[in-house]
S.K.: 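Sharing a structure here in structure tokens format.
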Amino acid sequence: MGPTEHSGARALNVVVGVTGGIAAYKAVGVVREFVLAGHNVQVIATDAAFRFVGKTTLEAISRNPVYTDLYEGVAEVRHVALGKAADLIVVAPATANSIAKLAAGLADDLLGNTILASTAPIVIAPAMHTEMWQNPATVANIALLRQRGITVIGPAIGQLTGTDSGSGRMSESPDIVAAALALVLHGHDLAGKRILVTAGGTREPLDPVRFIGNRSSGKQGLAIARAAALRGATVTLIGANLEMDAPATMDVRQVSTTFELAEATSAAAATADIVIMAAAVADYRPQAVAESKIKKETQGDTLQLTLVKNPDILADISAARRPGQVIVGFAAETESDRASLLAIGSAKIARKGADYLVLNTVGWTEGFATERNTVIVIDKAGDIVTEATGTKADVADRILDLFS
Ligand code: CTP
């Protein structure tokens with residue numbers, strides 16, 4: 001994922017606390033993500049942090065002076081001013097030592113004072129060696145911080161500073177920033193909801209090397225699944241040929257054909273409160289799949305394929321829905337005229353029996369594999385309930401707002 005684009009949401013005052021571990025160099029990425037998303041960032045670094053990352057770098061990237069000394073700016077009572085103005089405090093990286101200090105409520109530096117003087121939500125991104133992360137002292141400190149409402153992001157499992165790998169690697173900057181922003185902007189407003197999302201595009205094999213597919217990248221569906229998880233939902237993602245790093249925050253299942261998607265979706269729908277069918281499903285499949293590669297020599301100048309109709313998953317799960325279960329379909333249409341798009345949408349939602357239909361216009365150059373999207377959401381009556389335009393993450397949040 002690239003740097004978060006400006007989302008157009010309210011600009012927040014974010015304090016990024018940088019403590020002294022090797023992952024401090026990755027704090028630069030965290031600061032940059034917030035700044036590019038349009039937020040005002042004040043970096044507070046500990047003395048130890050400057051052994052790993054330069055003050056000049058942090059000042060240039062944050063576009064603000066970087067503070068570290070409790071005894072500078074005393075006249076303006078800086079720690080209280082920074083703490084009170086903060087909408088959000090993110091400590092990245094949070095070393096084992098800084099976590100212990102936070103748990104004890106120590107205030108022997110500017111960061112500790114600022115945190116104590118603030119009522120803003122606090123997010124920490126731990127980074128340390130596996131042994132330190134698993135040490136009973138750290139485990140107890142983390143449990144205490146969680147109990148106090150502090151959000152802990154990661155650590156991830158992966159390559160550590162040396163040649164070793166394990167749990168303790170700081171989460172990646174976009175993941176830290178997305179989780180922190182979701183916390184402030186939405187809280188955990190989808191907590192307790194079980195959301196099933198399908199994403200990607202199904203493929204119907206012709207022979208062992210070829211398939212009939214579509215151009216869906218799965219980005220919008222994946223953005224919905226990620227946003228739902230950040231907002232506290234329990235998420236199951238069924239990916240049809242989705243190329244992605246499986247997010248640890250959700251249950252991910254991979255499928256390929258429409259039949260596989262149908263089977264996985266109806267099984268998972270049984271326990272879902274909301275089903276969001278963002279996958280692009282092949283309406284037809286080859287009647288016969290060749291056992292070996294189809295050869296030109298045996299086909300001649302033309303090749304005729306007989307396709308047979310696939311099940312309509314959305315219609316089937318809508319028909320089988322439990323009382324209170326909400327079903328959302330998607331329709332990507334090549335119709336760009338708004339009135340015609342809405343007319344197609346109204347007819348389609350009636351045909352499918354879904355509760356909502358998310359409509360967008362696609363074309364040769366529009367809609368697929370792009371970072372942005374424009375959608376209109378209609379209800380059963382064909383009435384518009386939401387319109388959204390922006391990054392696929394923004395659009396995901398607007399769609400999910402319907403269920404919060
Ligand atoms: N869908 C489905 N099963 C299918 C086809 C589509 O579940 N066999 C779902 C898609 O996941 C999407 C919605 O139905 O949520 C609309 O898909 P779309 O392809 O636009 O609908 P179709 O019924 O195939 O209509 P069209 O003739 O426009 O292709």
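All ligand and atom numbering here is 1-based and tracks the order in the structure. All of these numbers come straight from a predicted model, not from anything done at the bench.
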S.K.: So which pairs with a foot in residues 269-285 pass side-chain hydrogen bond (donor to acceptor under 3.5 Å, both in side chains), sequence neighbours left out?
M.R.: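 Residue pairs passing side-chain hydrogen bond (donor to acceptor under 3.5 Å, both in side chains), neighbours aside: R194-D273, R285-N310.
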S.K.: Would you mind telling me which of L359, T386, V358, D383 makes a side-chain contact (heavy atoms from CB on, under 4.5 Å) with I378?
M.R.: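 Among the candidates, only L359 passes.
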S.K.: Indicate yes or no for a side-chain donor-acceptor contact from D316 to the backbone of P311 under 3.5 Å, with no hydrogens or angles considered.
M.R.: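 No; zero donor-acceptor contacts below 3.5 Å.
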S.K.: Test L183 against every option in I122, L230, T151 by the side-chain contact (heavy atoms from CB on, under 4.5 Å) rule and name the one that passes.
M.R.: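 Looking at I122, L230, T151, the match for L183 under the side-chain contact (heavy atoms from CB on, under 4.5 Å) is T151.
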S.K.: Return the set of residues passing side chain to side chain contact (heavy atoms under 4.5 Å, CB included) with A396 (not counting sequence neighbours), or none when no residue passes.
M.R.: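 With neighbours one apart ignored, the set is Q220, A223, I224, A227.
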S.K.: Only distances under 3.5 Å count here; give the side-chain donor-acceptor pairs of residues 335-352 to other protein atoms, sequence neighbours excluded, each with its distance to 0.1 Å.
M.R.:
| unit_1 | atom_1 | unit_2 | atom_2 | d |
| --- | --- | --- | --- | --- |
| E335 | OE2 | D337 | N | 3.4 |
| D337 | OD2 | S340 | N | 3.0 |
| D337 | OD2 | S340 | OG | 2.5 |
| R338 | NH1 | E387 | OE1 | 3.0 |
| R338 | NH2 | E387 | OE2 | 2.9 |
| S346 | OG | L342 | O | 3.0 |
| K348 | NZ | E333 | OE2 | 2.6 |
| K352 | NZ | D312 | OD1 | 3.3 |
| K352 | NZ | D312 | OD2 | 2.7 |

S.K.: Name each N or O atom in ligand 1 that is under 3.5 Å from a protein N or O, and give the partner atom and the distance.
M.R.:
| unit_1 | atom_1 | unit_2 | atom_2 | d |
| --- | --- | --- | --- | --- |
| ligand 1 | 3 (N) | I313 | N | 3.0 |
| ligand 1 | 7 (O) | I313 | N | 3.3 |
| ligand 1 | 7 (O) | L314 | N | 2.7 |
| ligand 1 | 8 (N) | P311 | O | 2.9 |
| ligand 1 | 11 (O) | M277 | O | 3.4 |
| ligand 1 | 11 (O) | A279 | O | 2.7 |
| ligand 1 | 14 (O) | K352 | NZ | 3.1 |
| ligand 1 | 15 (O) | M277 | O | 2.8 |
| ligand 1 | 15 (O) | F330 | N | 2.9 |
| ligand 1 | 15 (O) | F330 | O | 3.3 |
| ligand 1 | 20 (O) | K348 | NZ | 2.5 |
| ligand 1 | 21 (O) | K348 | NZ | 3.3 |
| ligand 1 | 23 (O) | K352 | NZ | 2.7 |
| ligand 1 | 24 (O) | D283 | OD1 | 2.9 |
| ligand 1 | 24 (O) | D283 | OD2 | 2.8 |
| ligand 1 | 25 (O) | K348 | NZ | 3.3 |
| ligand 1 | 28 (O) | K348 | NZ | 2.8 |
| ligand 1 | 29 (O) | D283 | OD2 | 3.2 |

